[in-house]
Each structure stands twice: as structure tokens, then as C-alpha cells.
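Excluded from the calculations below are hydrogen atoms, water molecules and symmetry mates; all remaining heavy atoms, backbone and side chain alike, are included.
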Amino acid sequence: MSKPAKETADRTGEDQPGAGRWLALAVLVLAVLLVGVDATVLGLATPFLSEDLRPSGTQLLWIGDVYSFVIAGLLVSMGSLGDRIGRKKLLLTGSVVFGAMSVLAAYAGTPAMMIAARALLGVAGATLMPSTLALIRNLFHDPRERSLAIGIWGAMASAGAAVGPVLGGFLLGHFWWGSVFLINLPVMALLVIVGAKVLPESKNPDPGPWDLPSVGLSLVGMIGVVYAVKEASVHGFRWDIAAAGVLGLLALVTFVRRQQTLASPLLDMRLFQNRGFSGAVLADLLTILGLSGLVFFLSQFLQMVQLRSPLNAGLVELPAAVGAVGAGLAAGYVARRLSVRLVVAGGLAVVGLALAGCIGLDGDTSTFALGTILFVVGVGAGFAFTVTADVILSSVPKEQAGAASAVSETAYELGAALGIALLGSIVTGIYRDFATPAGVPESAADAARESLGGAVEASGSLPADAGAGLLKAAQHSFVSGLDTAAGVGATVLLAAACAAWFLLRGQRLEDSPVEPGHAEDEERVAPH
């Protein structure tokens with residue numbers, strides 16, 4: 001890189017005054033807050049969607065996970081695009097499109113339209129997260145400042161998860177379900193107006209061309225593989241499902257091989273030679289896989305098994321975000337005082353044990369017990385995710401911050417999609433096997449087996465005794481599926497903790513003290 005180009009690359013963050021950096025961070029976390037709100041609000045709105053749009057069980061899963069499918073397929077491409085055209089430009093453009101697609105989702109009239117709207121939201125959402133993390137990497141050069149900024153970034157993501165259910169619960173109690181999407185609009189407007197003034201532009205000064213064949217291979221590969229996993233877990237292996245999986249795998253293999261031959265790859269595969277980078281990415285993927293499916297169905301459990309109002313359900317989920325916010329803010333300090341692998345592996349083990357505590361959930365589980373479990377989950381996840389994000393960002397040159405951030409977010413979104421598909425399919429598979437009480441018409445029984453929301457609606461159209469019996473049988477079957485999914489999720493989290501313990505051995509954050517006698521074993525996280 002020539003000297004003038006290098007000076008251009010470095011100037012954006014270093015020339016930003018201290019107050020300006022933190023004001024820019026405040027704008028960036030608005031986007032994170034928005035994504036967190038959007039994800040959790042959907043879970044609360046699911047019963048209302050089921051009643052109004054009447055999706056099948058498979059359509060309901062697609063509404064839940066198509067956003068993650070699309071965003072996982074496009075994150076690497078969008079992260080690389082931000083490195084090329086400018087992360088600020090991509091962030092603001094994506095924010096405008098995200099707002100427009102939120103309006104489309106709010107007024108969707110059919111399950112197919114809702115699925116399409118969520119897919120388009122995924123396209124826009126793929127521009128947001130990599131841009132925010134990449135801009136943080138370029139704004140904050142001091143390692144301790146950057147750790148704090150990443151902690152705030154993660155804390156606001158958790159705050160979005162907290163604000164979503166509470167705000168969504170209030171909206172669902174007073175307005176129709178589409179209002180939960182319209183709350184995105186004022187946040188988007190504020191982000192665009194203020195961000196245009198305070199965010200510095202940053203990009204790779206010598207990025208090379210954006211390789212469109214690689215974009216297509218990444219999209220086809222990710223969607224093909226995740227689709228095959230999802231459909232096989234629900235319907236078993238059919239020739240068309242197997243074909244989609246094979247096509248996806250071939251596309252991903254071709255993508256990797258192509259990156260190794262390009263002078264300016266969409267994703268520099270050498271990043272994965274850094275053990276800390278690879279370990280952090282794998283830990284994130286497994287963690288979200290174990291958590292997401294359970295979290296997706298928890299709102300249904302609270303509203304349709306424990307019969308809580310949407311606002312009450314949102315308040316019950318609040319302790320998870322409180323724990324995550326506190327842990328995220330403290331994570332950088334604790335990781336420097338202890339070690340990266342102890343904080344990450346310990347956090348994941350704590351989450352796994354908390355999920356194991358969900359195995360005994362039933363309709364009579366107290367609010368205190370649920371709040372305690374969710375608080376512990378939040379603390380463990382807050383420590384683990386914040387430190388892995390710091391490791392991933394600090395492991396690469398800042399010119400590649402967008403691509404590295406995209407890999408991190410791809411692991412997150414891919415884990416979410418797989419978790420909803422696999423754990424959600426476990427819940428759905430067990431749920432559909434329940435025996436309906438005598439006297440329930442076959443049409444009502446079929447509707448009830450499609451989803452728990454369908455059971456609630458079907459029971460309301462039956463005589464009191466038959467309706468109550470049908471709903472009780474459906475609730476019991478749903479809880480059985482949820483308990484099994486919690487056990488699987490706990491196993492995945494404990495496996496992730498073990499993997500993190502080995503893969504992150506010797507890893508430490510920048511500006512961390514080296515323990516006496518262990519200097520030869522320490523691998524400093526620093527750009528290669």
C-alpha cells in the first residue's frame with residue numbers, strides 16, 4: 001500500500017476527536033438497538049400473526065428464520081462491499097431500505113407476503129451489523145477504548161432484546177401486530193439524520209474489484225445448506241432437499257477455492273489461519289445455535305402456555321438483557337484480569353447449565369425461577385459474545401474490518417437460522433404427536449396440530465369442555481417439545497464451552513498483561 005493510501009486509511013478514526021468518537025458510537029448503536037428490537041418483537045407477535053395470517057407450521061418457521069437465512073447469505077458480501085464503497089455509505093443506505101421494508105412487513109396480508117418482507121429485511125439488515133463493528137474498529141485505536149466500545153455495542157444489542165419485548169408488549173396490547181414493525185421508523189430516521197453528520201467515512205483505500213460471482217456463490221451456498229438442514233429436519237431426506245444441500249455445499253466449496261485465487265478476494269481465507277479468530281467464530285456459531293431455537297419458542301410458552309399478556313411476557317424476559325448489559329460492559333476488564341479463554345468458556349458453560357435448568361419448565365413455573373434462569377443466561381452470553389467480538393475485530397488489519405465483522409455476524413445469523421430450524425423442528429415434531437380428546441372434530445384437531453397458536457384458535461371455536469381439553473393437550477405436548485429442545489441446547493452450549501477452552505488457549509486481548517512464566521504460551525490478539 002502506498003504511503004498516501006495508508007494515511008487515508010488511518011486518518012478517519014485517529015483524526016476524530018474523543019467526544020466525536022463517542023458520539024459516533026452512540027449513532028452506531030442505534031442500528032444495533034434496532035436489529036435487537038426487530039428480532040425479539042417478532043417472537044411476541046407470533047401468536048397474533050398466527051391468528052390473523054393463519055400460517056401453517058412450516059410457514060411460521062419460515063417467517064421466523066428467513067430473515068436469518070438471507071442475512072447469513074449476504075453478510076460476507078455486504079461486509080466486503082462496505083470495505084470497498086465506504087462503511088458509512090452502506091450503513092445509511094441500508095438503514096433507509098430497512099425502514100421501507102419494515103412498512104411492507106407491517107402491512108403484509110398473507111403468510112407469503114410476510115415471508116417475502118422478512119427476506120427483504122434480511123437484505124437490508126445485512127448492511128447494518130458489519131458496518132457498525134467495522135466503523136468501531138476504525139474509530140477506536142486504543143485497545144482498552146475499543147474493548148469498552150465493543151462492550152457498549154454488545155450491551156445495546158442486549159438492550160434491544162430487552163426493549164423489544166416490553167415495547168412490543170405495550171404495542172400489541174393497544175394496536176395491531178403490524179405496529180411492532182413500524183417502531184423501526186423513528187429509530188431509522190434518527191440514525192440517518194444524525195449519522196450523516198457525525199459518522200466518519202472509512203473504507204479500504206485499495207480494495208480491488210467487488211467480485212460478483214463470489215457474491216452469488218456465497219448467497220446460493222448459505223441458503224442452500226441452511227434450507228436443506230431445515231427441510232430435512234422437518235420432512236426427512238427427499239431428493240429435492242438433498243439436491244439443495246449438495247448444491248449449497250458445492251457453491252461454498254467453489255466460493256472458498258475462488259477466494260484463494262483472487263488478487264482481491266471477497267473474504268481473505270487467511271483470516272482463519274489465526275486460531276483465536278477461528279475459535280471465536282466457532283464459539284459464536286455454536287452458542288447461538290443452542291440458544292436461538294429455545295428463545296424463539298419461549299415467548300409462545302409465556303403467552304400461550306402460562307397465558308401471560310404480551311407486556312407481562314416481555315417483562316419476564318427482561319432479566320436476560322439486564323445480565324447481558326452488565327456482563328458486556330465488564331467483559332473487557334475481566335478478560336484482561338483473568339484470561340480470554342476462561343471468560344469465554346466459563347460464560348458458555350454457565351449458559352449451558354442455565355439452559356439445562358429449562359428442562360423442567362411447565363405451566364406452573366414461577367416468574368422468579370424464569371427470571372433467575374434468564375438472568376444467568378444473559379450474564380454468560382454477555383461475557384462470551386463481547387470478548388469473542390473483541391478477539392475477532394482485533395485479529396485483522398483494520399482495512400479488512402468489514403469482512404471480519406461480516407464473518408462474525410455470519411456465524412451469529414447462521415447459528416440463529418440453524419437453531420430455529422433444528423431446535424424448532426424438535427419442538428414442532430414432538431408437539432404434533434399429541435392425542436386429541438374425544439369429541440374434538442378432525443378439522444379442529446388438524447388445525448391444532450399445525451401450531452400452538454392454531455390450537456388456541458381452534459379451542460375457542462369448540463364447546464367449553466372440548467376446547468379446554470384440546471388446549472390442555474396441546475400445551476402439554478408443546479412443553480414436552482420445549483423441554484427436549486432445552487436439553488439439546490444445553491448440550492450444544494457445553495460442547496461450545498469445551499471447544500472455546502481448547503481453541504482460545506493462550507489468547508489474550510491487546511494491552512493485556514502477560515502472566516509471569518507464561519509468556520511463551522500467550523498469543524496476543526493483534527493484526528497480522
Quick one: CG on Leu247 to CG on Asp240, what's the gap to the nearest 0.5 Å? 12.5 Å
Output the distance between atom OG (Ser480) and atom CG (Leu361), rounded to the nearest 0.5 Å. 11.5 Å
Sidechain-backbone polar pair: Thr93 side chain, Leu90 backbone, donor-acceptor under 3.5 Å: no
Can you name the nearest heavy-atom pair linking Val391 to Ala280, along with the distance? CG1-CB, 4.2 Å
Just by modelled atom types, is the Ala283 backbone N or O under 3.5 Å from a matching donor or acceptor in the Thr287 side chain? yes
Using only atom types and a distance under 3.5 Å, with no angle test, would you say the side chain of Thr388 pairs donor to acceptor with the backbone of Ala384? yes
Does the side chain of Leu262 reach to within under 4.5 Å of the side chain of Ser214, using non-hydrogen atoms? yes
Using the rule given for side-chain contact (heavy atoms from CB on, under 4.5 Å), can you reason through Arg308 versus Val316, listing the C-alpha separation, both sets of side-chain angles and the distance that settles it, and then say yes or no? CA-CA 10 Å; Arg308 298 175 185 266; Val316 170; 3.4 Å; yes
Met304 and Val456 have their tightest heavy-atom pair at SD-CG2, 3.9 Å
Would you say Leu121 and Leu104 make side-chain contact, with heavy atoms under 4.5 Å? no
Backbone N/O of Gly487 and side chain of Thr491: donor-acceptor pair under 3.5 Å: yes
Determine yes or no for a side-chain-to-main-chain donor-acceptor pair under 3.5 angstrom, with Gln475 supplying the side chain and Gln306 the backbone. no
Would you check if Leu91 and Thr127 make a side-chain contact, meaning some heavy-atom pair closer than 4.5 Å? no
Output for pair (Phe301 CZ, Leu370 CG), nearest 0.5 Å, gives 6.0 Å
Restricting to non-hydrogen atoms, name the atom on Ala126 and the atom on Leu74 that form the minimum distance, rounded to 0.1 Å. CB-CB, 3.9 Å
Could you state the interatomic distance from CZ (Phe255) to OG (Ser77), rounded to the nearest 0.5 Å? 6.5 Å
Sequence neighbours excluded - salt bridge (charged side-chain N to carboxylate O under 4.0 Å, His left out) pairs with any residue from residues 249-267: Asp211-Arg258
Quick check: does any side chain N or O of Arg341 sit under 3.5 Å from a backbone N or O of Trp501, one acting as donor and the other as acceptor? yes
Nearest heavy-atom pair of Gly245 and Val225: which atoms, and what distance? O-CG2, 4.3 Å
What are the two closest non-hydrogen atoms of Val479 and Asp362, and how far apart are they? CG1-CA, 4.0 Å
Does any part of the side chain of Leu503, heavy atoms only, come nearer than 4.5 Å to the side chain of Phe277, both counted from C-beta? no
Contacts table for residues 351-359: side-chain donor-acceptor under 3.5 angstrom, sequence neighbours left out:
none

Mark yes or no for whether Ser477, through its side chain, and Ala474, through its backbone, hold a donor-acceptor pair below 3.5 Å. no
Distance in Å, Met188 CE paired with Leu92 CG, rounded so as to fall on 0.5 Å steps: 9.5 Å
Output the distance between atom CG (Leu482) and atom OH (Tyr431), rounded to the nearest 0.5 Å. 13.0 Å
Within-4.5 Å side-chain heavy-atom neighbours: Arg118 and Phe181: yes
Nearest heavy-atom contact between Ser218 and Leu252 is O-CD2, 4.5 Å
